[in-house]
**Student:** 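Sharing a structure below in structure tokens format, with a few things to ask.
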Amino acid sequence: MKNSLAVIFLVGPTAVGKSAVALELAPLLNAEIISCDAMQVYREALIASDKPSLEMRERVKHHLIDVVSVEDEFNAARYRELALVSMAQIHARGRVPLVVGGSGMYMMALLDGLFEGPEADLQLRVRLSSHEAEDLYAELKHVDPVAAEKIAPNDKKRIMRALEVFETTGVPISEQQKKREGIWGKYDIRVIGLERPREELYRRVEVRVDEMLHRGLVDEVRSLLTKKLSSTGSKIIGVPEVKGALNGAYDLDKARELIKLHTRHYVKRQMTWFRKDKRIEWLMIGQDDTVSVVVDKIMGLLNEVAPNGRT
RNA sequence: GCCGAGAUAGCUCAGUCGGUAGAGCGAAGGACUGAAAAUCCUUGCGUCCCCAGUUCAAUUCUGGGUCUCGGCA
């Protein structure tokens with residue numbers, strides 16, 4: 001059943017300028033921000049995940065930032081649960097949830113839901129990962145040919161997840177994936193996508209990475225490395241790259257270039273993810289657009305009637 | 001200035017015993033249902049440095065030139 005409560009999403013690639021826009025947009029919408037970012041949930045990764053500053057978080061209430069330690073495993077299902085709780089709380093206060101971020105899978109988990117699958121089984125994953133992808137794939141073909149059809153023979157992570165689901169529940173993942181339920185259709189939802197020309201996005205990535213290093217990324221990573229990083233926490237862009245430099249595998253300039261390169265790759269993958277989602281209403285940001293100009297444009301979009309077929 | 005090595009895809013380079021060429025990286029596009037800032041898939045005509053010669057045919061051989069990098073002065 002649908003009710004008239006509103007939920008606004010503001011998505012887009014890294015470095016497009018979401019955070020600053022969200023900060024000015026939130027008061028106009030009577031909104032609180034729910035971060036949709038797989039890395040900003042990690043408390044100790046301040047610079048590496050490029051979190052909004054404490055000052056920004058004082059001006060507008062932010063949810064789902066700093067919710068776990070980098071030693072903890074986190075995933076899309078956890079995110080979804082927590083985000084749903086935050087959404088309910090915000091609605092209860094008579095306010096509007098503004099979901100802001102660039103983690104496409106987390107957005108999808110919220111919007112479309114996830115199938116009721118088993119939790120990640122770390123021990124099983126460790127065991128499976130010692131096998132060759134080829135063998136795992138052969139196994140998958142045997143127990144779940146439908147899933148095998150959709151998964152690339154080399155895509156070890158997906159093969160492992162499919163096997164994990166089958167081994168722990170006895171039901172093929174392809175069967176379970178048919179049922180899922182998200183919030184799409186249940187609220188008055190608008191999804192705004194922020195975009196910039198690729199070249200400019202890449203320029204902004206350069207600036208952002210240089211700033212992160214300037215703000216003390218190396219020290220932050222050094223301290224992160226004293227902890228037992230979870231599998232997700234250890235993947236934060238910046239961590240493995242700086243680690244290499246600290247180990248003497250290469251110098252800091254090389255690390256800087258690697259971080260920029262990996263961030264560019266990430267931006268590209270984000271765009272691939274978002275582009276295919278036809279629910280997103282895109283807004284191309286011009287080079288000279290100030291934050292307020294962008295905010296005005298978004299308000300303009302939101303005041304228009306939602307596109308056809310949307311109820 | 002002399003001696004040597006090299007000049008091939010945006011970059012690093014392989015190769016063609018003479019029949020106009022291919023890897024890695026980058027780049028672009030795509031997939032994505034509990035690791036997602038992860039993981040995976042697809043896409044390679046480029047004056048083979050320039051000029052001349054030999055040849056049916058030269059990027060490949062020969063000669064000359066230009067440039068680059070080493071070493072010696």
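Residue numbers start from 1 in every chain, and the chains themselves are labelled A, B, ... in the order their sequence lines are given, proteins ahead of strands.
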**Student:** Report which part of the nucleic acid A/Leu261 touches: base, sugar-phosphate, or nothing (heavy-atom distance under 4.0 Å, all strands).
**Tutor:** sugar-phosphate
**Student:** Is it true that A/Arg93 and A/Glu32 have a side-chain N and a carboxylate O under 4.0 angstrom from each other?
**Tutor:** yes
**Student:** Touch check for A/His265, heavy atoms < 4.0 angstrom, all strands: base, sugar-phosphate only, or nothing?
**Tutor:** sugar-phosphate
**Student:** Would you mind classifying the nucleic acid contact of A/Ser103 as base, sugar-phosphate or nothing, using non-hydrogen atoms under 4.0 angstrom?
**Tutor:** sugar-phosphate
**Student:** Go through RNA chain B and write down every stem, that is, every run of at least three consecutive Watson-Crick or G-U wobble pairs with distances under 3.5 Å, as range with range.
**Tutor:** B:1-7 with B:66-72, B:10-13 with B:22-25, B:27-31 with B:39-43, B:49-53 with B:61-65
**Student:** Going by distance alone, is a donor N or O of one side chain under 3.5 Å from an acceptor N or O of the other, for A/Asp188 and A/Ser4?
**Tutor:** no
**Student:** Classify the nucleic acid contact of A/Asp112 as base, sugar-phosphate or nothing, counting any heavy atom under 4.0 Å across all strands shown.
**Tutor:** nothing
**Student:** Mind checking A/Tyr106 for me? I need base, sugar-phosphate or nothing, with any heavy atom below 4.0 Å counting as a touch.
**Tutor:** sugar-phosphate
**Student:** Does a sphere of radius 6.0 Å around CD in A/Glu71 hold more than 12 heavy atoms from other residues, nucleotides or ligands, not counting ones at 6.0 Å or beyond?
**Tutor:** yes
**Student:** Give me the distance, rounded to whole Å, that separates B/C3 from B/G46 when you measure between the P atoms they each carry.
**Tutor:** 39 Å
**Student:** Which is true for A/Arg80 with a 4.0 Å heavy-atom rule: it touches a base, it touches only sugar-phosphate, or it touches nothing?
**Tutor:** nothing
**Student:** Going 5' to 3' along RNA chain B, which are the first and last nucleotides with any atom under 4.0 Å from a heavy atom of chain A?
**Tutor:** B/G26 to B/C41
**Student:** Would you mind telling me which residue lines up with the more 5' stretch of RNA chain B, A/Gly233 or A/Phe274, judged by nearest nucleotide?
**Tutor:** A/Phe274
**Student:** Please determine if A/Lys276 forms a cation-pi arrangement with A/Trp273, meaning its NZ or CZ atom is less than 6.0 Å from the six-membered ring centre and no more than 45° off the ring axis.
**Tutor:** yes
**Student:** With rounding to the closest Å, how many angstrom separate the P atoms on B/C49 and B/U12?
**Tutor:** 14 Å
**Student:** May I ask you to check whether over 12 heavy atoms, not counting those of A/Glu257, lie within 6.0 Å of atom CD?
**Tutor:** yes
**Student:** Which whole number of Å gives the distance between the C1' atom of B/G44 and that of B/U8?
**Tutor:** 13 Å
**Student:** At under 4.0 Å between heavy atoms, what does A/Lys150 touch on the DNA or RNA strands: base, sugar-phosphate, or nothing?
**Tutor:** nothing
**Student:** Using a strict 4.0 Å threshold on nitrogen-to-oxygen distance, state whether A/Arg222 and A/Asp219 make a salt bridge.
**Tutor:** yes
**Student:** Say you pick atom P in B/U68 and the same atom in B/G15; how far apart are they, in whole Å?
**Tutor:** 25 Å
**Student:** Name the orientation class of the two ring planes belonging to A/Phe74 and A/Tyr106 (parallel below 30°, tilted from 30 to 60°, perpendicular beyond 60°).
**Tutor:** tilted
**Student:** Reckon A/Tyr202 touches a base, only the sugar-phosphate, or nothing at all at heavy-atom distances under 4.0 Å?
**Tutor:** sugar-phosphate
**Student:** Verify the neighbour count for atom NZ of A/Lys243: are there more than 12 heavy atoms of other residues, nucleotides or ligands below 6.0 Å?
**Tutor:** no
**Student:** Taking B/G64 as the reference, what is the distance to B/C56 when you measure between their C1' atoms (whole Å, please)?
**Tutor:** 26 Å
**Student:** Expressed as a whole number of Å, how far does the P atom of B/U43 sit from that of B/A58?
**Tutor:** 33 Å
**Student:** Using the closest heavy atom to pick a nucleotide of RNA chain B for each, name whichever of A/Arg198 or A/Ser129 lands nearer the 5' end.
**Tutor:** A/Arg198
**Student:** Are more than 12 heavy atoms from other residues, nucleotides or ligands located less than 6.0 Å from atom CD of A/Glu73?
**Tutor:** yes
**Student:** Run the side chain to side chain donor-acceptor pair (under 3.5 Å) test against A/Asn75 and tell me which residues pass, sequence neighbours left out.
**Tutor:** none
**Student:** Using the C1' atom as the reference point in each nucleotide, state the distance between B/U55 and B/C61 in Å, no decimals.
**Tutor:** 10 Å
**Student:** Of A/Arg215, A/Arg204, A/Lys18, which is the lone residue that meets salt bridge (charged side-chain N to carboxylate O under 4.0 Å, His left out) with A/Asp50?
**Tutor:** A/Arg215
**Student:** When we call it a touch if two heavy atoms are under 4.0 Å apart, what does A/Thr14 touch: a base, just sugar-phosphate, or nothing?
**Tutor:** nothing
**Student:** Distance check, C1' atoms only: B/C72 and B/U54, in whole angstrom units.
**Tutor:** 36 Å
**Student:** Using a 4.0 Å heavy-atom cut-off across all strands, classify A/Ala48 as base, sugar-phosphate, or nothing.
**Tutor:** base
**Student:** At 4.0 Å (heavy atoms only), tell me whether A/Met108 reaches a base, stays on the sugar-phosphate, or touches nothing.
**Tutor:** sugar-phosphate
